[in-house]
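Ligands are counted one by one from 1 in listed order, and the atoms in each one are counted from 1 as well.
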Amino acid sequence: MLYIGSHVSFKSDSGLLGSVKETLSYDANAFMFYTGAPQNTQRNPIDDMKTYEGLKLMKENNIKLENVIVHAPYIINLANNKEITKWEFACNFLRQEINRCNTLGVKYMVLHPGSSVGLDRKYAINNIIKGLNNVLIDDDSIVICLETMALKGTEIGSLEDIKTIIDGVNNKKNIGVCLDTCHLNDAGVDISRFDEFLDKFDKLIGIEKIKCIHVNDSKNELGSHKDRHENIGYGTIGFDNLINVIYNKRLDNIPKILETPYIDKEYPPYKFEIEMIRNKEFNNNLYSDTFKYYKGDNHE
Ligand code: FE
Ligand code: FE
Ligand code: ZN
């Protein structure tokens with residue numbers, strides 16, 4: 001079964017209900033959100049009524065909780081403990097974020113492993129392991145999905161890095177992996193040979209650890225270490241290669257999430273990207289279709 005969706009907003013006034021409504025407006029059956037602004041750690045209390053109404057609307061529309069993902073804010077950096085108070089703050093924040101997932105009923109949380117900044121890489125990776133062991137408790141049911149990264153600057157998040165982290169974490173049931181096609185491409189993984197990559201992944205980590213896939217095209221060449229997402233079929237990976245990832249039999253039932261850029265920074269393209277994914281047919285009018293739909297120029 002294809003579970004496809006996108007990044008959606010989660011606002012303090014509309015809560016989960018707003019996220020579900022946005023998801024339905026894209027004809028999606030999966031979604032991902034930040035529980036607050038991704039670049040800061042200010043969080044408003046969760047509105048229980050909106051959570052209840054959101055869960056009810058999900059049920060009515062056959063959206064399963066397994067296909068709902070929370071993305072941890074990207075400022076959390078468990079790798080860097082140069083300032084111990086900042087590192088402890090990051091651990092505490094991650095713990096609170098897990099508690100928020102529990103309140104919402106969300107089972108999967110995507111986390112960027114971190115950046116070593118000025119530290120030795122091995123030491124930095126060990127900080128991530130320590131952080132996760134600090135934060136996770138034995139009866140946690142959350143699965144923290146470490147995201148494969150573009151390896152921009154001092155980013156940690158190659159397959160080998162992720163394997164080392166998983167090996168060091170005590171509660172292995174609470175760790176999974178999120179593949180991001182743009183990040184993989186930018187890190188040097190050729191998506192046109194995706195099955196070879198999956199073979200390698202399976203040998204190193206085990207394919208069953210993959211719990212979420214971020215489907216994005218890339219603005220940059222293979223191995224560029226840039227991390228700039230592009231709309232589906234409009235980048236260097238290309239439509240057919242992304243379709244092969246989305247419909248890969250070994251990744252059936254795993255939620256696929258779009259994090260592609262808005263058109264003119266204002267209009268979400270997801271309704272039309274999801275449509276072309278379901279049709280398996282590239283739409284070269286994505287920009288104008290999106291623009292017209294949200295500008296209300298449909299009558300033209
Ligand atoms: Fe991410
Ligand atoms: Fe991503
Ligand atoms: Zn990215």
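Within the 3.5 Å criterion, the main-chain N or O of Ser9 finds a donor-acceptor partner in the side chain of Ser19.
As for Asp227, its N/O/S atom nearest the Zn ion (ligand 3) is the one called OD1.
Residue His183: an N/O/S atom is found under 2.8 Å from the Zn ion (ligand 3). The Zn ion (ligand 3) lies under 2.8 Å from an N, O or S atom belonging to His229.
Put simply, CD1 on Ile128 and CG on Asn134 are 13.5 Å apart, with the number rounded to the nearest 0.5 Å.
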- Given Asn127 and Asn80, is the side chain to side chain donor-acceptor pair (under 3.5 Å) satisfied, shown in steps? CA-CA 7 Å; Asn127 287 334; Asn80 186 354; over 6 Å; no
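Evaluation of the ring pair (Phe, Tyr, Trp, His ring centres under 6.0 Å) rule for Phe197 yields Phe194 as partners, not counting sequence neighbours.
Of the charged side-chain nitrogens involved, at least one lies within less than 4.0 Å of a carboxylate oxygen, so that Arg193 and Glu196 count as a salt-bridged pair.
Annotation: ring-ring contact (aromatic ring centres under 6.0 Å, His included) contacts involving residues 229-260, sequence neighbours excluded, comprise His183-His229, Tyr234-Phe282, Tyr234-Tyr287, Phe239-Phe282. Here side-chain hydrogen bond (donor to acceptor under 3.5 Å, both in side chains) pairs that include residues 47-70, with residues two or more places apart or in two chains, are Tyr3-Lys64.
By the criterion of a separation under 2.8 Å, the protein N/O/S atoms near the Fe ion (ligand 2) amount to Glu147 OE2, Asp180 OD2, His214 ND1, Glu259 OE1.
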